> 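Before I ask anything, here is the structure I am working with.
These numbers come from the heavy atoms of this one structure, side chains and all, not from hydrogens, waters or symmetry mates. Note that the coordinates shown come from a computational prediction; the quantities given were computed from them, not determined experimentally.
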Amino acid sequence: MDGSAIVIETPARAGITPAVTFACAVACGVMVANLYFAQPLIALIAPDLHIGPGIAGAIVSLTMLGYAAGLLLIVPLADRIENRKLILATVGLTAVSLAVLAAAPSAATFLVAAMVMGLCASGCQVVVPFAASLAPHETRGATIGNVMSGLLTGIMLARPAASMIAEIAGWRAVFGVSAGLMVILGIWLARVLPERRPTSGHGYGAILRSMGAILLRERRLQRRAVYQGLVFAIFNIFWTSVPLLLANRFGFSQTGIALFALAGAAGALTAPIAGRMGDRGLIRLGTAIALSTMVASSLLAGLAGALHSLVLLVLFCLALDGATQLNQVLGQRVIFSLPGEDRGRVNAVYMTVLFLLGAGGSAIATLTYDAWGWWGAMGAGAVLGSVALLIFATEFIGDSLGRSRARA
């Protein structure tokens, strides 16, 4: 994009095989799931490791802080280090940190390992631009959609899987099983992933410094990051609040809440559809559908809770998750089609903005649910969705102004 990176991409000219696409999708899902395993297990982990109630939230927050650091420090390396080696290194280090979590003798060891695990799990965001770079332009959206379906499935299945494994074998088994899966994943990826070897004239420090310039220069990157950041905030509002609703209003146990989350994973099925919409040039139409659906689903999910209708709640949960995935895939279709080959840095910038905005959703959820209940939380989601729609509308205003200047 700025002429600072030249990428040797012989595999990209030949396209990406279905086997590699599938491997990338699984890798994304398995790696990102590690970020969410601890969320339903805090009540089990904290007393076992003598972590006080006041700092029990650090079990999750340190993992997320590590992931945020990885977005800034590890993902940009995709523009400098051979991608296959970088992916395998993050998989291996994630496996080691998970093993430490499973055997952690103290709170300090656990918390440090949790942060390191989050840092290394950011390797899933190396996989996405890796796959996009291998795909030819005309099918890049479909490839991103297929890979992202794996990532969203991993997010949605992580919590119910952790709850079920912990109920059978305890919380340590969750991390132990995941460590074993990461080892198997690494062996598989070493066999199927091709090389993608970027060459850059700049060092690591220059690459990191260039990310600010990329964000300031690329308007489409700015817009897509803000759209998806607000969408992800709504996603987090829903999934932080709905367990409270299911427990308090519907009388669900942890297993019941886990099964509800399992049903929500079906929203990942929209990802391949989203990719094909992007390849057909329907990005604005798809974005309008996604953002409108986020607003409508938030309001209707609020109504479903008020009506005590589990069927409607599941329906609008699926719509919300599907819209989240639709907008994400369309956004990455846009940013990975920007001129140049510095896709690692582009994805790092995009995901960092998305993560920062999205992280606010969990805080908004706890505040609004505590103050105004389920309707308050879903109302906040609808407001954020409306803000995203208003920002999106400025794209059309800008087009109209541009046409007026051209005629003048």
> Under the side chain to side chain contact (heavy atoms under 4.5 Å, CB included) criterion, do C317 and V242 qualify, and how do the steps go?
CA-CA 10 Å; C317 160; V242 78; over 6 Å; no
> Quick one: which of L300, I237, L320 gives a side-chain contact (heavy atoms from CB on, under 4.5 Å) with M378?
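Of all the options given, the one that passes is I237.
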> To the nearest 0.5 Å, what is the distance between CG (L230) and CE (M294)?
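Nearest 0.5 Å value for the CG-CE distance: 10.0 Å.
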> Do the side chain of R84 and the main chain of A190 share a donor and acceptor less than 3.5 angstrom apart?
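Here the side-chain-to-backbone pair exists.
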> Is the F110-W171 ring centre distance short of 6.0 angstrom?
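Judged by ring-centre distance (under 6.0 Å), F110 and W171 do meet the cut-off.
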> To check you understand the geometry: which heavy-atom pair defines the closest contact between L98 and S178, and what is its length?
CD1-OG, 3.4 Å
> So does T139 get a backbone contact from the side chain of T143, meaning a donor-acceptor N/O pair under 3.5 Å?
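Yes, the answer is positive, given that a donor and an acceptor are paired below the 3.5 Å cut-off.
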> Mark yes or no for whether D321, through its side chain, and L318, through its backbone, hold a donor-acceptor pair below 3.5 Å.
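Looks like no, no N/O pair under 3.5 Å.
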> Is there a donor-acceptor pair under 3.5 Å between the side chain of Q222 and the backbone N or O of L216?
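Checked: pair present.
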> Report yes or no: does N248 contribute a side-chain atom to a donor-acceptor pair with the main-chain N or O of L246 at less than 3.5 Å?
no
> F235 and N327: side chain to side chain contact (heavy atoms under 4.5 Å, CB included), yes or no, with the steps?
CA-CA 12 Å; F235 178 89; N327 197 66; over 6 Å; no
> When you measure from the side chain of N146 to the backbone N and O of A142, does any donor-acceptor pair fall under 3.5 Å?
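Yes: the side chain of N146 pairs with the backbone of A142.
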> Donor-acceptor check, side chain of R333 to backbone of R276, threshold 3.5 angstrom: yes or no?
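No; zero donor-acceptor contacts below 3.5 Å.
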> Run the side chain to side chain contact (heavy atoms under 4.5 Å, CB included) test on L72 and M211 for me, step by step, so that the C-alpha distance in whole Å, both residues' side-chain angles and the decisive distance to 0.1 Å come before the verdict.
CA-CA 9 Å; L72 286 172; M211 290 195 293; 4.2 Å; yes
> Kindly indicate whether the side chain of I283, heavy atoms from C-beta on, has any atom under 4.5 Å from the side chain of R224.
yes
> Do F336 and P129 touch side chain to side chain, with heavy atoms closer than 4.5 Å?
yes
> Nearest heavy-atom pair of L86 and A78: which atoms, and what distance?
CD2-N, 3.6 Å
> Does any N or O in the side chain of R196 come within less than 3.5 Å of the main-chain N or O of S133, such that one atom is a donor and the other an acceptor?
no
> Using modelled atom types and a 3.5 Å cut-off, is there a donor and acceptor pairing between side-chain atoms of Q325 and backbone atoms of M148?
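Yes, Q325 side chain to M148 backbone: donor-acceptor pair under 3.5 Å.
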> Do M182 and V96 touch side chain to side chain, with heavy atoms closer than 4.5 Å?
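No, every pair of side-chain atoms sits at 4.5 Å or beyond.
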> Of all the heavy-atom pairs spanning G302 and W374, show the shortest one and how long it is.
CA-NE1, 3.3 Å
> Hey, does L390 have a side-chain heavy atom less than 4.5 Å from the side chain of T394?
no
> Check whether any side-chain heavy atom of F37 lies under 4.5 Å from a side-chain heavy atom of I165, and answer yes or no.
no
> Please find the pair of heavy atoms, one from T90 and one from C120, that lie closest to each other, and give the distance.
CB-O, 3.4 Å
> Once rounded to the nearest 0.5 Å, what's the spacing between atom OG1 of T352 and atom CZ of R345?
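The OG1 atom of T352 sits 13.5 Å away from the CZ atom of R345.
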> How many angstroms lie between atom CD of E395 and atom CZ of R220, to the nearest 0.5 angstrom?
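Spacing of CD (E395) from CZ (R220) equals 10.5 Å.
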> What pair of heavy atoms forms the shortest contact from A23 to V192, and how long is it?
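Closest approach of A23 to V192, heavy atoms only: CB-CG2, 3.6 Å.
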> If you look at every heavy atom in C28 and V128, which pair is closest and at what distance?
SG-CG2, 3.8 Å
> Please tell me if the side chains of I155 and W239 come closer than 4.5 Å, counting only heavy atoms from C-beta onward.
no
> About how many Å separate CD of Q228 and OG1 of T287, when rounded to the nearest 0.5 Å?
9.5 Å
> Do L303 and F316 pass the side chain to side chain contact (heavy atoms under 4.5 Å, CB included) test, and can you show the C-alpha distance, the side-chain angles, and the key distance before you say yes or no?
CA-CA 10 Å; L303 179 62; F316 298 128; over 6 Å; no
> Return the CH2 to CG distance between W375 and L245, rounded to the nearest 0.5 Å.
12.0 Å
> Going by heavy atoms in the side chains, are E218 and I335 under 4.5 Å from each other?
no
> Assign the ring pair F392 / F396 to parallel, tilted or perpendicular, where the plane angle (0 to 90°) is split at 30° and 60°.
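It falls in the perpendicular class, over 60°.
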> Going by heavy atoms in the side chains, are N83 and E195 under 4.5 Å from each other?
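The answer is no; the side chains never approach within 4.5 Å.
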> Is it the case that over 12 heavy atoms from other parts of the model lie below 6.0 angstrom from the CH2 atom of W372?
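Check fails, neighbour count at 12 or below.
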> Verify whether the ring centers belonging to F355 and Y67 lie closer than 6.0 Å.
yes
> Within this structure, what is the CE-CG distance for the pair M64 and L35, rounded to the nearest 0.5 Å?
5.0 Å
